[in-house]
There are 4 protein chains.
Amino acid sequence: MLEALKTEVFKANLELVKYGLVTLTWGNVSGINRAEGLIVIKPSGIDYEKMTVNDMVTVDIDGKLVEGKWRPSSDTPTHLTLYEKFTKIGGIAHSHSEYATAFAQACREIPCYGTTHADHFDGRIPVTRFLTEEETIKNYEHYTGQVIIERFANLIPNDMPGVLVAGHAPFTWGKDPRDSVKNSLVLERVAKMALNSLLLNKDIEEIPKYILKKHYSRKHGPDAYYGQK
Amino acid sequence: MLEALKTEVFKANLELVKYGLVTLTWGNVSGINRAEGLIVIKPSGIDYEKMTVNDMVTVDIDGKLVEGKWRPSSDTPTHLTLYEKFTKIGGIAHSHSEYATAFAQACREIPCYGTTHADHFDGRIPVTRFLTEEETIKNYEHYTGQVIIERFANLIPNDMPGVLVAGHAPFTWGKDPRDSVKNSLVLERVAKMALNSLLLNKDIEEIPKYILKKHYSRKHGPDAYYGQK
Amino acid sequence: MLEALKTEVFKANLELVKYGLVTLTWGNVSGINRAEGLIVIKPSGIDYEKMTVNDMVTVDIDGKLVEGKWRPSSDTPTHLTLYEKFTKIGGIAHSHSEYATAFAQACREIPCYGTTHADHFDGRIPVTRFLTEEETIKNYEHYTGQVIIERFANLIPNDMPGVLVAGHAPFTWGKDPRDSVKNSLVLERVAKMALNSLLLNKDIEEIPKYILKKHYSRKHGPDAYYGQK
Amino acid sequence: MLEALKTEVFKANLELVKYGLVTLTWGNVSGINRAEGLIVIKPSGIDYEKMTVNDMVTVDIDGKLVEGKWRPSSDTPTHLTLYEKFTKIGGIAHSHSEYATAFAQACREIPCYGTTHADHFDGRIPVTRFLTEEETIKNYEHYTGQVIIERFANLIPNDMPGVLVAGHAPFTWGKDPRDSVKNSLVLERVAKMALNSLLLNKDIEEIPKYILKKHYSRKHGPDAYYGQK
């Protein structure tokens, strides 16, 4: 059942390791089959080294276990909340990658200081607010998704494929699981370069809007000409 | 004699290398068999690359050699002092990992700036005082254990599985040797992210207490739901 | 056709990966055969892991495709512009390497703080201005080359084999493709050491001019005595 | 001729690569046979990947080529000057390792902020002055050795096995070539941790003298008890 998606999700999880984005069992990637209303996600707390495609867990949109021998990632309710509202995304990645997490902990947005950023994120990478005590107690993982959605009231998820959850870490998404991991990697690189840029010049300004737009549209949308047809 | 524990301690020492926490022959991990009152620990100054399980050294709680062809780690008296007072721990790891050591050298506690920290350490990671000249001369390694214990007068070792010794480096512990190394790794990651968070925002505040408690209890204690049953 | 140059360019592109200068499909290296008026360059957006020598693209000096099954790198017009004006260079490399890019984003030149720098770059590594909106819209990649040339009005490309494009990233060049990548690597190391030097001493001065000249001429020009004859 | 020493020097040079201390062909290690008055050193500008033991170069104490098919390292006169004055050392290593070089570029000594430092260097790691223009022109590499010797007027080379040459990079030494490389590695780790400690606390003080002495004498001298007999 959903063998292709399970393989995709499994491989995308291993890419988190390959790209140096995770430590121990941290992090998770999921993918959605919107026709079936099913989500495949990494099991909770399983070693990446021992994990196989058969360890992937399938749940429905309400989080009910559909297939799999393990508990799904404890962050599953966050993924479900995002899939429900961000209707055009096909995969979600979560990691505590070092530099993106430093920005999340410092509660600082990442301004667009260069074209590496502009190539992938159409503007400042946003930070959520902290969850309230009530939200934390009631359903922590669900409300983690909710504060992201709240922050995206005026943002387009497909043009801004990631967010920093305050005091926590990044979530990124994409058209499929692999694409969501790619965005986690880019976010990490962008965060490291932004930190070092700030150390060199604390009054650094964002690049001109017309360069941001140019770079973003080189890679995305109808006028894209980066890569192959 | 104690073959299983020797294997555990041996493997845990190699994990210090695998995780990039040690340089040259630095660092050491031990494990205790409380029923027998025996501790297994890495030999002093032996290359990790050449080390085998048979190089592990067994000592009793007073540090007397019980089995092994080498001198035990020169830090053995610190381990013994901690095992005596922290009666619920099964393994101890010591390294001079780069970022945790930077905090130890700067004599700065690590505040809880994010959930990566909260997932593993229930509050600020403490720093000891410096040893006095008398303590240093009399029995340096034993008093290194003593200043840790002094610092833990109001802390619970199982909820705060690590410490920074001022001007020295971290010690961490856990339910077994491997768990103690895992806590060294997490401490190192947490330290690096805390440093970078501070560079981004020197007035950064700790995460709300209710989020700290939520994250710590997701992974620890009766209400834990991270990982598998 | 141009098999030797294609092999050189292919290998030089892989060195970007080997030296840790690129992420994903970022970066590109080209080489020129001035007798034939032809440039070989990496295809746009192709995985380094899957790329073979046959994926290289050959264009003429006007950018017209001469051989190859893929679109050339989207940065090709920048390369062409540089080859046209910098008549003594044989290869060009472009990457978003982390520390050099941080300087580019901070719009800071890299002063010569040490002999590592002086061994390879005869003075401060320059930064361009930002492109204007008109330039950006009209022909972004061509004008990226133009702002570099403008910045080199009083600089000698062979003695200063690299530049930081404001808000973007470095371009480097050399006598052949491999040499251009070597200069990208050196620039990255020099940038990292300059950042860390500044963190240690924000009022750091450049090394004396006579040491800069001595080191540069140890490795370059008629009095060079580094390396073998 | 001197086969054992050539092997030692060759292997020690490869350790520079293994420990991540060098880029491209930078860096060099030498060893001395004091009975014969001969020094073996890395050839100038040769790739580490292709280098074999037979590429090592033997020179006499005046720098005259005794055996070998290549030019010796361009830094050979610095090594010779040090061997002449530091009569108890058996090996010398030179690299442009990133963090030690950052301190050299910032012209900052490395104070003893922790026991990692105290275990290997008996006090602050010194910085030389810049060479004068006359010295630079007359015999740059020889005077690089001279400014080191000048700086060591009141220091004991065996207790302080390294130095930072202002605006250049570190030189370290030891009882044999391998030991000199080990000291380069430790210096690099110590430098990185010192920088990060300073970022955390710019008013950080050195560790108490009695702890420095204790740690240094744990590993060195008649009362050493680290490692095996």
Side-chain angles (χ1 to χ4, degrees), chain B residues 20 22-27 43-47 49 55 57 69-76 94-110 127 129-141 143-144 164-169 191-192 194-196 198-199 202, chain D residues 15 18-21 97-99 110-120 174 178-220 223-229:
Chain B
V22 293
T23 294
L24 296 166
T25 63
W26 307 348
S44 184
I46 296 289
D47 271 3
E49 290 175 21
D55 293 320
V57 183
K69 52 194 173 193
W70 303 108
R71 283 180 186 175
S73 165
S74 55
D75 295 313
T76 301
H94 172 52
S95 82
H96 290 202
S97 70
E98 296 175 353
Y99 290 90
T101 301
F103 272 89
Q105 292 191 158
C107 296
R108 271 186 84 150
E109 292 187 338
I110 308 181
V127 185
R129 63 168 172 84
F130 279 105
L131 275 71
T132 65
E133 184 160 11
E134 198 187 337
E135 289 166 343
T136 301
I137 291 166
K138 210 165 152 191
N139 191 338
Y140 178 72
E141 290 81 7
Y143 282 104
T144 297
L164 305 168
V165 176
H168 187 166
K192 183 173 180 187
L195 167 59
N196 286 327
L198 283 165
L199 292 177
K202 73 179 172 43
Chain D
E15 288 194 324
K18 174 181 167 185
Y19 294 144
L21 301 173
S97 70
E98 294 175 353
Y99 290 91
I110 308 181
C112 183
Y113 293 141
T115 62
T116 320
H117 183 130
D119 279 339
H120 299 87
R178 194 179 188 200
D179 197 41
S180 72
V181 174
K182 194 196 74 181
N183 286 327
S184 285
L185 174 60
V186 175
L187 173 52
E188 179 65 5
R189 291 288 184 277
V190 163
K192 183 172 181 187
M193 297 200 296
L195 167 58
N196 286 327
S197 301
L198 283 164
L199 292 177
L200 286 167
N201 178 3
K202 75 178 169 47
D203 301 316
I204 180 175
E205 287 179 26
E206 292 192 89
I207 58 171
K209 271 278 183 287
Y210 55 83
I211 294 182
L212 196 170
K213 292 299 164 194
K214 173 66 185 176
H215 262 267
Y216 191 74
S217 64
R218 281 210 315 177
K219 287 208 169 182
H220 305 272
D223 301 328
Y225 56 93
Y226 181 90
Q228 305 299 327
K229 276 184 248 201

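Each chain gets a letter, A, B and so on, in the order the sequences are listed, and its residues count up from 1. It should be emphasised that the depicted structure is a prediction, and the values quoted were computed from it without experimental measurement.
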Below 4.5 Å, heavy-atom pairs only: which of D:Asp203, D:Leu200, D:Ile204 has the largest tally toward chain B?
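The answer is D:Leu200.
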Who among D:Ile207, D:Leu199, D:Val186, D:Thr116 has the most heavy-atom pairs with chain B under 4.5 Å?
D:Thr116
Between [X] and chain B, with a heavy-atom cut-off of 4.5 Å, which part of the residue counts as in contact: side chain, backbone, both or neither?
| X | answer |
| --- | --- |
| D:Ala194 | backbone |
| D:Lys219 | side chain |
| D:His215 | side chain |
| D:Asp119 | side chain |

Any side chain to side chain donor-acceptor pair (under 3.5 Å) involving residues 185-201 of chain D? Give me the pairs, sequence neighbours left out, ordered by first then second residue.
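Residue pairs with at least one partner in residues 185-201 of chain D: B:Thr23-D:Arg189, B:Glu98-D:Lys192, B:Gln105-D:Ser197, D:Ser97-D:Glu188.
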Of all of B:Leu195, B:Asp75, B:Leu198, which one pairs up most often with chain D through heavy atoms under 4.5 Å apart?
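Maximum pair count with chain D is reached by B:Leu195.
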Portion of B:Arg108 that has a non-hydrogen atom of chain D nearer than 4.5 angstrom:
side chain
Where does B:Phe103 contact chain D at under 4.5 Å (heavy atoms): side chain, backbone, both or neither?
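Both parts, backbone and side chain.
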Before you tell me yes or no, could you show the steps for B:Glu49 and D:Lys18 under salt bridge (charged side-chain N to carboxylate O under 4.0 Å, His left out), namely the whole-Å CA-CA distance, both residues' side-chain angles and the distance that decides it to 0.1 Å?
CA-CA 13 Å; B:Glu49 290 175 21; D:Lys18 174 181 167 185; 3.0 Å; yes
Carefully, step by step, assess B:Glu141 and D:Arg218 under the rule salt bridge (charged side-chain N to carboxylate O under 4.0 Å, His left out).
CA-CA 11 Å; B:Glu141 290 81 7; D:Arg218 281 210 315 177; 2.6 Å; yes
Among all residues two or more places apart in sequence or in another chain, which pass the side-chain hydrogen bond (donor to acceptor under 3.5 Å, both in side chains) test with B:Thr25?
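So B:Thr25 forms a side-chain hydrogen bond (donor to acceptor under 3.5 Å, both in side chains) with D:Tyr226.
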Does the side chain of [Y] come within less than 4.5 Å of [X]'s, by heavy atoms?
| X | Y | result |
| --- | --- | --- |
| D:Tyr113 | B:Thr101 | no |
| D:Lys182 | B:Leu24 | yes |
| D:Met193 | B:Tyr99 | no |

Looking at every heavy atom in both D:Thr115 and B:Tyr140, which two are closest together, and how far apart are they?
CG2-OH, 3.8 Å
For D:Gln228 and B:Trp70, indicate whether the former's side chain and the latter's backbone hold a donor-acceptor pair under 3.5 Å.
no
